[in-house]
2 protein chains.
Amino acid sequence: MSDDRWEPPAILLAVDLVILTLRDSRLHVLLVERGIEPYKGAQALPGGFLQHSQESLLVAAHRELAEETDLSVGTLRLEQLGVYDDPGRDPRGRVVSVAFLAIAPRLPEPTAGTDAADATWQPTDRVLSGELDLAFDHRCIVTDGVERARAKLEHSALATAFCGPTFTITDLQDVYEAVWGMPLDPRNFYRKIKKTDGFILPAGSARKAATGRPARLFRAGPREVLYPPMIRPAENSPNGKEPAQ
Amino acid sequence: MSDDRWEPPAILLAVDLVILTLRDSRLHVLLVERGIEPYKGAQALPGGFLQHSQESLLVAAHRELAEETDLSVGTLRLEQLGVYDDPGRDPRGRVVSVAFLAIAPRLPEPTAGTDAADATWQPTDRVLSGELDLAFDHRCIVTDGVERARAKLEHSALATAFCGPTFTITDLQDVYEAVWGMPLDPRNFYRKIKKTDGFILPAGSARKAATGRPARLFRAGPREVLYPPMIRPAENSPNGKEPAQ
DNA sequence: ACAATAGTGTCTCTAAGACAATATAAA
DNA sequence: TTTATATTGTCTTAGAGACACTATTGT
């Protein structure tokens, strides 16, 4: 440590948010249209700079979420995803960004009118495939976020966070299929879920579709960690032949 | 984004390193004695500030490792562990630190003489139990690092990184037992490892202990991801009764 | 009755866990 | 031979995957 007379390097700290949800049985990510340069007009993750030196990253993340979208989700649990610090990632200079991940139940279309008027949900496949271009290295961040969500579905009860307060087992299966991108056998899935103690609790019943037998309703149980875990079939496994869709 | 005339907040970026290794069948972490305030004289993780605004975090991490220890391990693979940004974590002001994790094979005792003369290996249990005090929030960082290593042993071939170029299956079991902190059945472990294709490759044989049948030697195979994973028995499972001392 | 979805039962097979038995060395 | 460790084999059981079958609704 030979730091005697040493100038602190000029580095900016930012946060970026990967908010995932399910719409029409497809995984979507929340994006905003950038209103300023660089990448003006391009799609990007919600996020921004730390406002002052005492602001914590988590607070900044929540603030940006409130500013750039009208999702009044104080309840949204943000989880640290990673640090993105490639020196060339931002043309304005050295910007180190900490990404956060959150899973949201089906939410209303973000209404315009707030700070970033143009927050929209976009299917993650369009982002991952490169069909939809994102600013900065945000496509990498989304990729990591989706992969993290996939992994967490195996070992945690995170899937219920995609659902509303009550849901059917089929709803839950939709979550797993959409996030993992592969079909699952409904009967084995049903058995597995129900035998995982504390994953879900009964909550009455209701007719789900206009046709067929009405499904029972459940709500999230107390269990956070799944042991044994849900098993994600290998990419080319006997079942889950091809990524659904 | 109402950032018109806006002062960049004064935030310092640092890196901290959690280097784990195995010594005498116990998990150890590399610590240095701090030579300057704050926490002068206390044990801490190797690490330090970014040197200039264009230095990447990974480069800074490698640089600090070389500066503060004489481990000439350019081969050491550093993996991002997390960001630690509690505003009160450093008395000098706002310091946001990015922690990195690496697994090292048994290395020589760090010899003094370099920048931080007092790098030593300390058992992780002494740190986790609080018996050994660390500077800043470094105990939290070590906790997270150990937990990460435990999880990675399940799904990746990381365990071989603790071993030298060749090793016996018992060596590998020592790694799992030390990191997971629980005894495993040697016979089931043996079978499981050998049936996991590409995990290890034969590499001759040698006498391991002064007594008993000599063990075959192996080297790390090409497989990085273990599928199906190694299963870490639950804390209070039928086997793994008590954490192996 | 028929279509459609929800939920149950059953079979097979893989693999984990317990543990007996065998192999190969040194003392 | 005894002792100690390495390696193989065998049995039992839990659980995943495949899939037939029953249940409950609307039309």
Side-chain angles (χ1 to χ4, degrees), chain A residues 25 153-155 163 166-177 180 182-197 199-218 226-242, chain B residues 25 153-155 163 166-177 180 182-197 199-200 202-218 226-241:
Chain A
S25 296
L153 247 51
E154 297 189 70
H155 300 279
C163 303
T166 66
F167 48 86
T168 69
I169 292 193
T170 303
D171 290 337
L172 208 54
Q173 183 177 344
D174 279 347
V175 172
Y176 275 89
E177 291 189 334
W180 284 353
M182 54 176 65
L184 303 172
D185 184 287
R187 296 153 303 183
N188 293 334
F189 184 84
Y190 197 99
R191 246 193 316 105
K192 171 79 179 180
I193 295 292
K194 292 217 65 173
K195 93 158 48 164
T196 301
D197 226 62
F199 194 171
I200 55 173
L201 298 174
S205 75
R207 61 212 134 293
K208 178 65 181 147
T211 174
R213 173 176 174 173
R216 285 181 244 176
L217 284 180
F218 298 89
L226 302 184
Y227 188 87
M230 297 291 293
I231 297 200
R232 164 162 50 154
E235 209 60 48
N236 295 355
S237 82
N239 64 335
K241 10 256 174 188
E242 266 323 288
Chain B
S25 297
L153 247 51
E154 297 189 70
H155 300 279
C163 304
T166 66
F167 49 86
T168 69
I169 292 194
T170 302
D171 290 337
L172 208 54
Q173 182 177 345
D174 279 346
V175 173
Y176 276 90
E177 291 189 335
W180 283 352
M182 55 176 66
L184 303 172
D185 183 286
R187 298 156 297 183
N188 293 334
F189 184 85
Y190 197 98
R191 243 190 321 104
K192 170 80 180 181
I193 295 292
K194 293 216 65 173
K195 93 156 51 162
T196 301
D197 226 62
F199 193 171
I200 56 174
S205 75
R207 61 214 134 293
K208 179 63 182 152
T211 175
R213 174 175 175 175
R216 285 180 246 175
L217 285 179
F218 298 88
L226 302 185
Y227 188 87
M230 299 292 292
I231 297 201
R232 164 164 50 152
E235 209 59 48
N236 295 354
S237 82
N239 64 336
K241 9 256 175 191

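Lettering of chains follows the sequences in order, A, B, ..., and the numbering in each one begins at 1. Atom set for the values below is all heavy atoms of this structure, side chains included, hydrogens, waters and symmetry mates excluded. Note that the coordinates shown come from a computational prediction; the quantities given were computed from them, not determined experimentally.
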Inset, instruction - Among D/dG15, D/dT8, D/dT3, find the nucleotide with the atom closest to the side chain of B/Y190. - result: D/dT8
Inset, instruction - Choose from C/dT8, C/dA16, D/dT5 the nucleotide whose nearest atom is closest to any side-chain atom of A/R187. - result: C/dT8
Inset, instruction - Kindly say whether A/F189 contributes a backbone atom to a donor-acceptor pair with the side chain of A/Q173 at under 3.5 angstrom? - result: no
Legend entry - Comparing A/L217 and B/P229 on DNA chain C - which has the more 5′ nearest nucleotide: A/L217
Legend entry - B/I193 CD1 to D/dT8 P, straight-line distance once rounded to whole Å: 14 Å
Inset, instruction - Specify the separation, in whole Å, of atom NZ of A/K192 and atom C1' of D/dA14. - result: 11 Å
Inset, instruction - Tell me which nucleotide among C/dG7, C/dC19, D/dT7 gets nearest to the side chain of A/A215. - result: C/dG7
Inset, instruction - Compare the minimum distances between each of C/dG17, D/dT8, C/dG7 and the side chain of B/R191, then state the nucleotide with the smallest one. - result: C/dG17
Inset, instruction - Send over the distance from A/L184 CG to C/dT5 P, rounded to a whole Å. - result: 17 Å
Legend entry - Given DNA chain D, 5'-ward residue of the pair B/N188 and B/T170, judged by closest heavy atom: B/T170
Legend entry - Distance in angstrom units between B/R213 CZ and D/dT8 P, rounded: 7 Å
Legend entry - Length of the line joining A/R232:CZ and D/dG15:P, which is rounded to integer Å: 22 Å
Inset, instruction - Mark yes or no for whether B/D174, through its side chain, and B/D171, through its backbone, hold a donor-acceptor pair below 3.5 Å. - result: no
Inset, instruction - Look at all strands and tell whether B/R216 reaches a base, only sugar-phosphate, or nothing, counting heavy atoms closer than 4.0 Å. - result: sugar-phosphate
